[in-house]
There are 2 protein chains.
Amino acid sequence: MPNRREDDAVPVPSTGPVTAAKVAARAGLSRATVTHVLNGRAAEMQIRPETQQRVLEAARELGYRANALARSVRTGKSGMIGYIVDDEHYEPYWHTLVGAMAEAEKEGFTLKVLSATSETFAERIRQCMELRLEGLLLRVVLDKRPLYEEANRAGMPVVTVDEWVAQPYGIRVSADDAVGCCEALTQLLDLGHSRIAFISSGFESQPTEGILAREGLFLREMDNRGLPVPKGYVSRERMEVYGRGANVVHDASTCVAATASLLDHPAGRPTAIFCWRDEAALVAIQACQRRGLRVPDDISIVGFSDLSAAWLSSPPLTTCASPWGEMGQTAMRELVKGLKEGFDPSPREIQIPSGLIIRESTGMPHG
Amino acid sequence: MPNRREDDAVPVPSTGPVTAAKVAARAGLSRATVTHVLNGRAAEMQIRPETQQRVLEAARELGYRANALARSVRTGKSGMIGYIVDDEHYEPYWHTLVGAMAEAEKEGFTLKVLSATSETFAERIRQCMELRLEGLLLRVVLDKRPLYEEANRAGMPVVTVDEWVAQPYGIRVSADDAVGCCEALTQLLDLGHSRIAFISSGFESQPTEGILAREGLFLREMDNRGLPVPKGYVSRERMEVYGRGANVVHDASTCVAATASLLDHPAGRPTAIFCWRDEAALVAIQACQRRGLRVPDDISIVGFSDLSAAWLSSPPLTTCASPWGEMGQTAMRELVKGLKEGFDPSPREIQIPSGLIIRESTGMPHG
DNA sequence: CTGAAAGCGCTTACAG
DNA sequence: CTGAAAGCGCTTACAG
């Protein structure tokens with residue numbers, strides 16, 4: 001019966017971390033042989049099976065873990081991809097990140113997540129460069145030009161996700177809201193609606209191209225269909241859905257007011273309200289119900305996003321689902337492709353279609 | 001007027017990455033001096049201001065970014081902390097991660113996020129060790145013993161978050177559900193309820209200590225208050241709230257059935273239903289409303305978690321809010337403390353109180 | 001104040 | 001098949 005204790009007592013330098021050198025010493029081989037075996041170059045190097053066994057055994061006995069950092073210094077490849085988020089509390093971005101992470105892991109990369117504010121962004125950029133991240137995913141509304149400049153100099157691929165305005169560098173992966181918007185209006189028309197109002201964003205940043213894009217789509221689609229949008233049938237809300245840090249305050253008042261202004265419209269209330277985001281739609285449902293209106297019997301509500309709150313609300317919300325996970329996945333796939341085949345930094349757009357999910361907040365108009 | 005073009009033409013090796021050596025060459029100094037200045041040891045080393053200027057300028061001109069990987073190899077500190085999640089689609093864990101990330105960044109660490117399944121967990125552990133992560137946060141229901149073993153050998157601090165059963169290694173940060181549960185029952189009693197039912201977990205993993213803990217708390221609190229819980233006043237649901245991957249299917253049927261069994265109870269329906277999680281509460285609201293019951297006029301509903309869906313539902317949900325963000329923050333704070341002051345791997349528990357958030361799904365019982 | 005030198009743990013030609 | 005050697009980019013005593 002072998003005495004494990006004695007076996008362990010074989011003279012091996014036991015101080016400090018377990019390095020390839022110690023594995024080599026234990027196996028009675030050179031460091032190079034150890035690396036070759038451990039990195040799967042055994043066949044290529046024609047190392048005899050018995051030798052391989054010795055290496056593997058020594059590594060296992062010592063609990064050896066190659067130092068990926070040292071390897072990276074040598075090879076110049078960190079195997080790490082960065083993901084910078086600024087609105088990190090917002091549920092959809094989580095799904096996007098998860099989609100990207102799954103894709104990265106499938107490709108053998110590891111994901112570094114960083115949050116940024118206007119105060120910390122420069123510091124985060126520095127960290128990304130110093131850590132020699134191989135590529136960067138961005139979901140950030142800050143001014144990204146300083147980053148693009150550094151990335152360009154370093155030849156680092158950058159992909160933005162759910163970015164609402166065109167970018168001067170790299171790939172932009174975003175949702176094609178037009179598809180869902182069109183489907184939603186088609187459904188409302190099929191149900192028999194014609195007096196359709198819109199609750200839009202009241203935020204002022206990136207006014208026309210960005211945050212008001214959905215309002216534009218709505219107006220265009222209504223116009224295409226020859227449906228009038230009376231003055232005052234577009235209202236605005238600017239509800240903060242997530243605060244920074246621990247104290248999250250939900251102040252729905254602007255959205256309640258935006259709903260009220262539609263319900264009280266002098267030309268009569270709409271039979272359906274289309275909302276630029278789910279939060280607005282869900283608060284609109286609350287506001288309607290509080291006034292005794294039934295959804296969808298008295299009024300239909302449609303949202304945009306497909307938050308988890310959408311299927312859990314009463315009634316469950318009909319909404320244009322943004323392809324959050326797929327956007328992340330596609331962004332990462334493109335990034336990795338750039339890493340493998342060479343990255344073209346000139347701007348390129350990829351749009352992923354949204355799609356309508358019909359639940360119970362839409363129905364035929366009565367009266 | 002200085003000619004920038006000519007200035008740039010100073011002979012500097014322009015091939016390959018910008019290293020400290022190149023900065024030194026450009027500044028006409030030694031590499032050591034460069035490192036000293038760049039790492040803030042200029043005062044300590046009594047390097048004259050003019051020399052510092054030369055270093056800084058050369059670094060800036062060259063766009064030098066220190067290689068953090070190489071530094072880590074030398075110092076043995078990666079500055080990276082890992083966060084492994086397995087239920088990565090679940091909204092609350094995102095908030096926990098964000099809380100942890102904020103704390104890590106405040107402390108100068110960088111966060112690596114990894115997802116794990118039973119198939120990939122071993123591989124993820126290997127990656128964590130190879131990347132020389134300094135510590136690990138875990139939000140994973142898999143068997144963690146192999147990881148604890150490696151972490152112990154490497155002297156790596158590990159903290160688990162929202163773990164429902166005691167762990168053999170490291171710190172466990174979890175929510176103290178008892179506080180919120182107690183407050184919820186107090187509120188229901190104050191409103192005048194006495195016939196209170198419970199929708200509990202129908203999942204079978206970790207039965208008694210873990211997933212049924214909230215049911216236990218409910219029963220204990222009811223008993224403490226001398227309130228009977230008729231047979232059949234506890235029902236079970238096993239609804240999948242998030243699938244893996246792209247195809248998320250929400251099958252609420254078990255939860256609808258669990259609600260129905262309470263509403264149809266032979267001893268009469270309860271005036272309030274307490275639910276082990278918000279998803280159950282929100283589906284219960286849907287089920288009640290579909291049967292023509294008004295919430296809270298006919299029946300009160302209370303949840304557990306405070307998902308974003310809770311404030312957006314109709315009516316907004318009264319719920320025991322779990323301190324998701326704070327759990328992450330505390331976990332990271334403890335981890336960093338362990339890194340600084342030495343980590344004690346023997347098991348330790350930290351509980352963070354939950355708290356009731358009163359919204360509109362609870363009210364006085366009528367009739 | 002500044003520079004030459006050793007070393008972190010790894011990989012990769014290059015000899016034999 | 002295996003080993004000695006150079007080098008990745010950095011930091012850190014140690015001289016001067």
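Just so it is clear: chains get the letters A, B, ... in the order the sequence lines come, proteins before strands, and each one is counted from 1.
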Can you find a side-chain donor-acceptor pair between A:E105 and B:S115 that sits under 3.5 Å?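 Checked: A:E105/B:S115 side chains pair up, N/O donor to acceptor below 3.5 Å.
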Length of the [atom1]-[atom2] vector between [X] and [N], whole Å:
X	N	atom1	atom2	value
A:L69	D:dT11	CG	P	13 Å
B:K77	D:dT11	NZ	P	15 Å
A:M129	D:dG9	CE	P	15 Å
B:Q52	C:dT2	CD	C1'	13 Å
B:E44	D:dT12	CD	C1'	11 Å
B:M45	D:dT12	CE	P	9 Å
A:R74	C:dC10	CZ	P	13 Å
B:E130	C:dG9	CD	P	15 Å

Nearest-nucleotide pick for [X], side chain only, options being [options]:
X	options	answer
B:H36	D:dT12, D:dG9, C:dC10	D:dT12
B:A32	D:dC10, D:dT2, D:dT12	D:dT12
A:R31	D:dT2, C:dG9, D:dC10	C:dG9
A:L29	D:dG9, C:dT2, D:dG3	D:dG3
A:Y64	C:dC10, D:dC10, C:dT11	C:dC10
B:V73	D:dC10, C:dC8, C:dT2	C:dC8
B:S30	D:dG3, C:dG3, C:dG7	C:dG3
B:R41	D:dG3, D:dT12, D:dC10	D:dT12
A:N67	D:dC10, C:dG3, C:dC10	C:dC10

Take atom CZ of B:R145 as the centre, draw a 6.0 Å sphere, and report whether it contains more than 12 heavy atoms from other residues, nucleotides or ligands. no
Is the phosphate of [N], meaning OP1 or OP2, less than 4.0 Å from a side-chain N or O of [X]?
X	N	value
B:T75	C:dC8	no
A:T19	C:dG9	no
A:N39	C:dT11	yes
B:S72	D:dC10	no

For A:V165, does its backbone N or O pair with a side-chain atom of A:Q167 as donor and acceptor, under 3.5 Å? yes
Is a side-chain donor or acceptor of B:T120 paired with a backbone partner of B:A116 at a separation under 3.5 angstrom? no
Check this for me: does any side-chain nitrogen of one of A:E123 and A:R126 sit under 4.0 Å from a carboxylate oxygen of the other? yes
Any ion pair linking B:E103 and B:K106 (charged N to carboxylate O, less than 4.0 Å)?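 Answer for the salt bridge query: yes.
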On DNA chain C, does the nearest nucleotide to B:G28 precede the nearest nucleotide to A:T35 from the 5' side, or the other way round? Give the residue. B:G28
Could you check whether A:A68 gets within reach of a base, just the sugar-phosphate, or nothing at all, counting any heavy atom under 4.0 Å? nothing
Defining pairs by Watson-Crick or G-U wobble geometry with both distances under 3.5 Å, how would you list the stems of DNA chain D with at least three pairs each? C:1-3 with D:14-16, C:5-12 with D:5-12, C:14-16 with D:1-3
Just to verify, what does B:Y93 make a side chain to side chain donor-acceptor pair (under 3.5 Å) with, not counting sequence neighbours? B:R139, B:D162
CA sep, side-chain torsions, deciding dist, call: A:R26, A:E57, salt bridge (Lys or Arg N to Asp or Glu O under 4.0 Å): CA-CA 9 Å; A:R26 172 135 191 161; A:E57 205 159 302; over 6 Å; no
